Amino acid sequence: MKVIIMKELLEANDRLAEENRSYFKENHVLCVNLMGSPGAGKTTLISAIADELQDIQIGVVEGDIASSIDADKLEQKGVHSSQINTCGECHLDANVIRQGAEEIAMKNGIVFVENVGNLICPAEFDLGETVRLLAASVPEGDDKPYKYVPMFSYADVVALTKCDLKEAVGFDTTYFTKGLRAISEAPIYEISLKKGQQREGIKELAAFLRKKYEEV
Amino acid sequence: MHELPVVMDIIREMDEQASAHGFHKITEIELVIGELSSIVDESVQMYFDVASQNHPCENAKLKFAFEPAMLKCRECGNEFPHEKSFQCPKCGGDAMLVKGSGRSFYIKSFDGE
Ligand SMILES: Nc1nc2c(ncn2[C@@H]2O[C@H](COP(=O)(O)OP(=O)(O)O)[C@@H](O)[C@H]2O)c(=O)[nH]1
Ligand SMILES: [Mg+2]
Ligand SMILES: [Zn+2]
């Protein structure tokens with residue numbers, strides 16, 4: 001006898017994510033889930049945003065397969081960090097985020113969650129964040145929104161990083177934007193943070209996040 | 001590899017359903033997987049084969065139904081399932097993702113005896 005149940009899966013994570021959302025709200029924290037491939041420039045981006053938003057407390061929950069290099073780097077800069085090693089897991093879920101957030105115990109500020117470098121798995125997992133920030137770097141190619149539809153459709157804002165490399169890799173910004181616009185209305189910030197060069201685009205992205213923080 | 005926890009949820013749900021319906025065996029489970037859900041059917045199958053041992057749903061056949069994301073043409077309003085292109089098959093216009101479509105992941109039905 002066939003029984004129809006229409007039982008949603010992933011419910012357990014979504015419930016925890018909602019709890020995290022209220023936890024962040026009560027503590028007046030803007031939680032930013034930062035996703036992107038390994039090497040897309042996520043850690044560099046957090047560090048540059050912290051420079052721009054000196055008057056706002058910044059915290060980081062670092063998700064990494066095994067090391068704590070990124071957390072150490074940011075901690076040296078005065079960004080309060082906690083490290084979650086996923087031991088091979090491909091993404092962070094709502095449960096571990098709560099542990100990380102409680103460890104840094106932040107009130108009134110912005111907490112970045114640097115997700116595991118991966119364009120596939122993190123897309124499905126709501127962490128209870130307010131803003132989903134996707135770092136897509138120029139050398140990855142202008143066709144990524146066409147290939148990674150879940151991830152790009154999930155983003156609230158896209159940081160197009162390493163724009164200083166556009167010419168070198170022949171990046172077609174119009175094609176990239178067209179692909180993104182088919183699946184998302186997320187604003188795009190074009191950013192360049194090459195060491196030893198004038199920084200570009202980071203003030204605008206920082207201002208966007210400041211506004212989101214003020215809305216919490 | 002993020003499929004393991006959801007497979008455990010499926011097995012737990014089937015344990016409960018089996019006892020609620022007085023089935024000693026679950027023979028088939030129908031799962032709906034949205035294109036944008038980041039769930040891979042082969043991984044679900046792989047974890048299920050191992051984790052369902054000694055549960056009523058051991059050896060149950062998993063049937064996967066895929067649900068594409070839907071796109072809506074900005075020019076003519078035509079709605080069509082996403083296959084490869086973001087272009088409208090009717091008029092060639094640019095299309096836009098229908099919000100929320102293709103995200104599901106759920107157990108639709110099961111069969112037992
Ligand atoms: N040319 C260039 N390199 C960058 C830029 N941003 C980051 N990088 C470099 O890219 C590499 C990876 O950056 P990182 O922030 O560690 O990436 P993550 O793995 O996403 O955290 C580092 O060597 C950075 O110095 C940029 O805007 N331009
Ligand atoms: Mg990093
Ligand atoms: Zn059309």
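Order of the sequence lines sets the chain letters (A, B, ...), proteins ahead of strands, with each chain counted from 1. Keep in mind that this is a model prediction, so the values were computed, not measured.
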Take a 6.0 Å sphere around CD of E167(A) and say whether it holds more than 12 heavy atoms from other residues, nucleotides or ligands. no

Look at atom NZ of K166(A) and say whether more than 12 heavy atoms of other residues, nucleotides or ligands are closer to it than 6.0 Å. yes

Is D9(B) reaching over with its side chain to a backbone N or O of L9(A), donor-acceptor style, under 3.5 angstrom? no

Contact leader toward chain A among K99(B), K72(B), R74(B), where contacts are heavy-atom pairs under 4.5 Å: R74(B)

Between L36(B) and S153(A) the two heavy atoms that sit nearest each other are CD1-OG, 4.0 Å

Do M6(A) and I107(B) have side-chain heavy atoms sitting under 4.5 Å apart? no

For chain B, which residues from residues 37-50 of chain A have at least one heavy atom closer than 4.5 Å to it? none

Please name the pair of heavy atoms, one in E8(A) and one in Y106(B), separated by the smallest distance, quoted to 0.1 Å. CA-CB, 3.8 Å

Write out all pairs satisfying salt bridge (Lys or Arg N to Asp or Glu O under 4.0 Å) with one or both partners inside residues 16-32 of chain A, taking only residues at least two apart or from two chains. E18(A)-R21(A), R21(A)-D126(A), R21(A)-E129(A)

Any Lys/Arg nitrogen of E30(B) or K2(A) sitting under 4.0 Å from an Asp/Glu carboxylate oxygen of the other? yes

Evaluate R181(A) against M96(B) for side chain to side chain contact (heavy atoms under 4.5 Å, CB included), listing each step before the verdict. CA-CA 7 Å; R181(A) 283 294 159 262; M96(B) 186 64 209; 6.0 Å; no

Test side chain to side chain contact (heavy atoms under 4.5 Å, CB included) on I4(A) and F110(B); report intermediate values, then the result. CA-CA 7 Å; I4(A) 307 280; F110(B) 64 92; over 6 Å; no

May I ask you to test the F86(B)-V149(A) pair for a side-chain heavy-atom distance under 4.5 Å? yes

Do the non-hydrogen side-chain atoms of H21(B) and M1(A) ever get within less than 4.5 Å of each other? yes

Looking at Q17(B), R103(B), H82(B), E113(B), which makes the most heavy-atom pairs under 4.5 Å with chain A? R103(B)

Would you call M14(B) and K7(A) a side-chain contact if the rule is heavy atoms closer than 4.5 Å? no

